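Computed from a predicted model, the values in this text were never measured in an experiment. The sequence lines fix the lettering, A, B, ..., with proteins before strands; numbering per chain opens at 1.
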Protein chains: 2
Amino acid sequence: MTTDRPRPTSRDVARAAGVSQAAVSLVLGGKWRGRVSPGKAAAVREAARELGYRPNLAARSLRLGRTRTALLVVPALTNEFFARLHAGAARVAAEHGFGVVLYPSPEGVGPARDPFDSAGAALDGVIASSMASEALAALRSGGELPLVMLDSEPENTQAAATVNLDIADGMRQAVGHLLELGHRRVAHIAAAVDSWTFEVRSAALTEALEAAGCPPPPVWTAGLDVADGTRAAARALAAVPRPTALVCDDDVLAAGACKAVRRLGLRVPEDVSVTGFDDLTLARAVEPELTTVRLPAEEAGAAGMRALLAVLDGRREGAVPDGRREGAVPDGRREGAVPDGRTREAGGSGSPAWVTSLPVRLTVRGSTAPPPGTPVGPGGR
Amino acid sequence: MTTDRPRPTSRDVARAAGVSQAAVSLVLGGKWRGRVSPGKAAAVREAARELGYRPNLAARSLRLGRTRTALLVVPALTNEFFARLHAGAARVAAEHGFGVVLYPSPEGVGPARDPFDSAGAALDGVIASSMASEALAALRSGGELPLVMLDSEPENTQAAATVNLDIADGMRQAVGHLLELGHRRVAHIAAAVDSWTFEVRSAALTEALEAAGCPPPPVWTAGLDVADGTRAAARALAAVPRPTALVCDDDVLAAGACKAVRRLGLRVPEDVSVTGFDDLTLARAVEPELTTVRLPAEEAGAAGMRALLAVLDGRREGAVPDGRREGAVPDGRREGAVPDGRTREAGGSGSPAWVTSLPVRLTVRGSTAPPPGTPVGPGGR
DNA sequence: CTGCGGAAGTGTTACGTATAACCTGCTCCG
DNA sequence: CGGAGCAGGTTATACGTAACACTTCCGCAG
């Protein structure tokens with residue numbers, strides 16, 4: 001207990017350095033080029049270090065009107081996908097001196113509390129991920145904040161920017177892989193969650209199968225746990241004729257599905273192939289390892305944060321979203337906002353200014369193989 | 001773009017309700033019992049709702065000198081254990097109107113940045129979890145904030161409170177279980193991370209085995225990935241005589257170890273038993289499901305946050321940590337700070353005021369069985 | 001000699017809130 | 001009848017910072 005004295009303020013630093021508080025602010029703010037002599041500037045920095053001065057961020061935020069803090073709305077960090085999303089967003093945020101505060105998952109205490117209250121901090125903007133429908137309703141009420149949507153329905157929102165994962169393409173890749181192996185009877189183990197990202201999986205799966213002349217897949221809904229996947233897959237495998245492949249909405253369900261297969265005395269992948277989504281740690285922990293669609297969660301989080309920062313920059317410059325103020329963003333951040341994705345400016349009225357789509361890739365591992373009875377021919381590798 | 005007008009302030013609300021700004025603050029702050037008439041109070045609330053008023057939290061923080069924000073330092077949220085920890089802390093925080101901001105993992109950008117800067121928000125206190133040694137050094141420099149340590153070495157810290165998981169007991173339970181099954185040759189797949197929580201595992205394992213007259217376990221270190229666990233286990237299983245049980249520092253390593261067992265043509269648990277730690281989702285996703293020590297991560301996070309809130313309350317009351325100001329905490333929060341754990345007040349000088357130890361429990365699943373060659377007798381169940 | 005512009009600072013203000021301090025009637029009691 | 005006390009307000013202030021507006025000094029061009 002070191003006397004527990006109050007934290008030094010910029011005025012204390014000024015007194016110690018023999019200058020005014022304004023000078024301290026200028027020096028520490030880095031904009032003293034022709035305003036403070038190098039000697040006094042050094043004295044200020046020395047005094048600040050000596051006293052262990054830290055600017056009061058609340059006061060700064062109040063003065064500046066911005067807080068360098070963003071709210072990230074995710075359903076549950078215990079899902080590794082969202083943890084990765086957060087990691088990417090937090091990394092980019094830290095690079096720009098921003099903080100990230102999380103919206104407590106809606107399953108938390110009582111009915112969805114006001115995100116802005118529960119954040120406990122003043123906010124500059126919001127990044128909202130999928131599966132947050134009722135939270136979004138609350139968000140709209142405080143619509144003065146710039147909003148970036150992640151992996152959400154591109155329409156029906158006044159988001160300033162949208163970053164999507166190309167889930168549909170991922171599903172097409174998974175189905176293509178299964179078709180190539182010779183599968184024709186495919187069942188869908190679907191997450192029973194009202195979320196755009198899962199709707200896309202269903203639609204893309206049905207479409208891809210129909211395009212190949214296969215029957216539409218039976219859909220078996222499940223929660224989000226391993227056991228849910230096992231239950232749904234058990235029902236799916238009871239069908240006659242039995243499906244030869246189970247396409248699961250995420251890796252957790254896929255792992256559960258594998259257990260159901262074995263519980264029937266069947267083998268993965270020799271008797272039944274299984275695919276997942278996300279490429280979680282879990283995908284390489286189970287045996288056989290899961291064939292899964294790798295979603296670039298960190299990149300998505302990073303891209304979302306970059307988009308938010310760009311919007312914030314644009315706001316500060318007073319530019320309309322479309323207006324290209326040459327040189328307004330010094331280091332070309334705007335162009336580099338989403339390095340790997342295809343970014344297009346939407347022309348539709350009321351649409352988000354930027355829609356970015358990040359590519360996904362199927363990762364083939366041991367949980368898929370040709371269906372039983374397939375002759376090992378030259379094309380069978 | 002709804003004209004993008006500036007957010008209404010309490011003065012705007014006052015004007016709309018025909019009262020002074022002070023009255024608005026009193027009403028909305030809930031302390032208007034004998035200060036404002038019910039009629040005007042209602043008018044204030046109505047006006048606030050009408051205008052969509054939200055208090056400026058930066059201004060409030062500046063005025064009050066506290067921010068209702070805590071910093072949680074964890075190594076990586078992508079580890080489900082820490083995600084659960086965060087969930088518990090965030091839940092309790094939200095219940096008390098607090099926010100939680102995370103310290104970006106040290107593996108992030110460059111050398112450990114100043115946590116307080118990167119937090120981007122003014123802070124009331126810090127909760128630091130295990131594995132944050134170098135971050136702690138930075139934390140010390142700003143030692144004016146109350147610090148709660150989670151699952152960390154109880155000595156050697158000026159923490160205001162400490163919440164520990166009884167890891168040693170968990171390890172004793174695991175070893176006891178294996179000994180009961182008849183195992184004598186046990187190897188340790190250890191996480192090569194410099195962290196107190198892993199040191200405890202090693203020490204407790206050795207001690208428990210020696211107490212039973214078993215040889216000290218060979219230790220094989222690994223990183224934190226599935227593949228690391230597989231590699232380390234492969235080396236462990238190459239020993240002669242081969243160990244009959246692998247005790248792993250966490251579930252991810254355990255899952256990897258299971259793969260190594262099977263890669264040698266052996267079976268889990270018939271030929272080799274495997275145990276883990278944490279009881280992650282992964283523990284029930286692999287087959288056989290993992291026997292593991294369940295760590296109450298959410299409870300730990302919640303207890304840590306409660307401890308911090310109690311410390312903060314104590315500070316505000318001006319009480320010394322030991323002084324029991326009767327009734328200082330109205331709703332008995334102090335007593336209920338850690339409902340399930342054993343809390344003791346340390347008497348040692350310089351020790352944290354409160355040390356709480358949360359119980360852990362072994363969960364027996366399919367990955368453990370008697371060692372090969374065990375006769376199925378009456379005691380063998 | 002005068003005017004001017006830049007360097008080097010300082011004084012002052014505003015951000016929005018919570019609350020201490022003050023003010024004004026009114027009632028009630030000695 | 002003279003306060004005391006209280007309900008029901010208002011005014012004023014401080015929190016710590018950033019930045020605008022202003023002053024002073026000085027070198028130098030006209």
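Shortest non-hydrogen contact noted between F98(B) and T69(B) is CD2-N, 3.7 Å. Between R7(A) and R54(A) the shortest heavy-atom distance is NH2-O, 3.3 Å. Scanning all heavy atoms of the two residues, the minimum distance from E298(B) to A87(B) falls at CG-CB, 4.4 Å. Minimum interatomic distance between P8(B) and G52(B) (heavy atoms only, all atoms of both residues): CG-O, 4.1 Å. Across all non-hydrogen atoms, the minimal contact from A93(A) to V100(A) is CB-CG2, 3.6 Å.
From the 5' end on, the contacts that DNA chain D makes with chain A at under 4.0 Å to a non-hydrogen atom open and close at dG16(D) to dA21(D).
Without hydrogens or angle criteria, R68(A) side chain to H96(A) main chain gives a donor-acceptor distance under 3.5 Å. Not a single donor-acceptor pair under 3.5 Å links the side chain of D124(A) to the backbone N or O of A70(A).
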Report summary line: Protein-proximity profile, nucleotides 8-15 of chain C, B/S/- by nucleotide at the 4.0 Å heavy-atom cutoff, equals BBBBB-BB
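With sequence neighbours excluded, no residue forms a side chain to side chain donor-acceptor pair (under 3.5 Å) with R33(B).
Rounded to whole Å, the distance from CZ on R60(A) to P on dT17(C) is 21 Å.
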